[in-house]
Amino acid sequence: MGFRVTLNFFLFVLFASLCLNARAESSGSVVFLEGSSGKYLRNQPLDSDGERTPISVSEVTGVASVLLGFAPDSSLAIESSSKLNNILTPNPFERPHAVFLLEVSGLDDVDYSKLQVQTVIKDKLVGSKGLMHLPGEEVLVTKIEESLDGECNSACLDKEFTYLSNFLEGSYSGSVATEDGKLALPLASGGALYLHVAKEAELHFASSLAALVRGINMGVEFHGDLAGTGFNPAELITGRFTGFKALIEEHGNSEILQQGVEIFQTTISKLFEILNRSYEGKIVGVLIYNKESGMVEVASSARISRWLEETSISTDNSTTASEVKLVRRSLAWITGIILLISTLIGVCMLMNMPLTRDTLLYSNVKLD
Ligand SMILES: *[C@@H]1O[C@H](CO)[C@@H](O)[C@H](O)[C@H]1NC(C)=O
Ligand SMILES: *[C@@H]1O[C@H](CO)[C@@H](O)[C@H](O)[C@H]1NC(C)=O
């Protein structure tokens, strides 16, 4: 009897550790997008067996760092560095300094052949986490929100859904407030995807999609703002798309999920076209597909974004801009005048100093 219990226990431990292992080594895939073929990424498999070996998440973040013009994380192993060489073109002066990095959670693989982008390279992904350390002052990070739920009220959601449906050549009717809002997004394969705002999962999917479009538009806008300043930081547009997770939790692997994937592909290729145009081809897209979420963590200070917001606010509104200028100028004048007066007072006092031997000044001299 005791033997059976021990055996059961042993089997249980074995099973649990296998499960844990499977969790730690969750697999997925990564897709690299580029506007013109072979400029920043090699598109030939270089491995001896002609197959591309799987890539780890930390290698993906390493590739993204190098594309931005920084060294990859120092913890990356030697084999990983050679892996990076297999993905990136060898010329270190040919880096786009702009990356669009999106983590897509809920799906570990998609049919990427439908993406209408010049270069698409797909690799299998292994490992579970990757950290990207970025020097805060030299990189502008634009964050794509996971959804609009937090910051958008129903009127704002209606506006964003109308924008999204126009962007995807579909339509939006009804409203969020009256819970009869309905998005109809045409599919390339015919038919349409219908998303009802009254259904939570569909609302979340639509909201994630709208947040993605808004995030990219914001990145493009920041890029345009930078163009006039003569200030050229690296640019990273990054975020996480959780729309599929919501659909899967609600409907499983159903028709609506497949249609959602198709709409997502269309959205990505349209967005990448916009990015490619506004960055004049100097941008690489990296899509990380995984069942889990939270694989990539970007660590950087947001100093530039704040600086940029400040300048864009002051150029947007001429009254506040002139006020800010006035305050700054008066501050400079006041400081100058105070400095001048104190210098004059100091000189006067020096001139009128009594010429006795000061014990403080001549502390080392023995007075007689
Ligand atoms: C991306 O932009 C570059 C440079 O402007 C252009 O040559 C290329 O054709 C574009 N690629 C796509 C797919 O539009
Ligand atoms: C600037 O902002 C103020 C108040 O914030 C507003 O009254 C004014 O109309 C704005 N000016 C411009 C040019 O937008």
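Since we're looking at a predicted model, the values are computed, not measured.
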Between [X] and [Y], does any side-chain donor sit less than 3.5 Å from a side-chain acceptor?
X	Y	answer
Glu262	Ser189	yes
Glu235	His97	no
Thr61	Ser58	no
Asn217	Tyr163	yes

- With a distance cut-off below 6.0 Å to the six-membered ring centre and an angular limit of 45° from the axis, does Lys182 pair with Tyr172 as a cation-pi contact?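 Here Lys182 fails the 6.0 Å and 45° test against Tyr172.
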Taking C-beta and beyond as the side chain, do [X] and [Y] meet within less than 4.5 Å on heavy atoms?
X	Y	answer
Val31	Leu33	yes
Leu287	Phe32	no
Val104	Ile288	no

- Item | Pairing of Lys39 and Glu34 as salt bridge, 4.0 angstrom limit |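 Here Lys39 does not pair with Glu34 in a salt bridge, since their nearest N and O are not under 4.0 Å apart.
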- Item | Ion pair Glu145/Arg240, N-O distance below 4.0 Å |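 No.
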- Centroid-to-centroid, Phe241 to Phe264, below 6.0 Å?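 Close enough - the centres of the two rings lie under 6.0 Å apart.
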- Answer yes or no: are there more than 12 heavy-atom neighbours, outside Lys282 itself, under 6.0 Å from its atom NZ?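 Incorrect, the count does not exceed 12.
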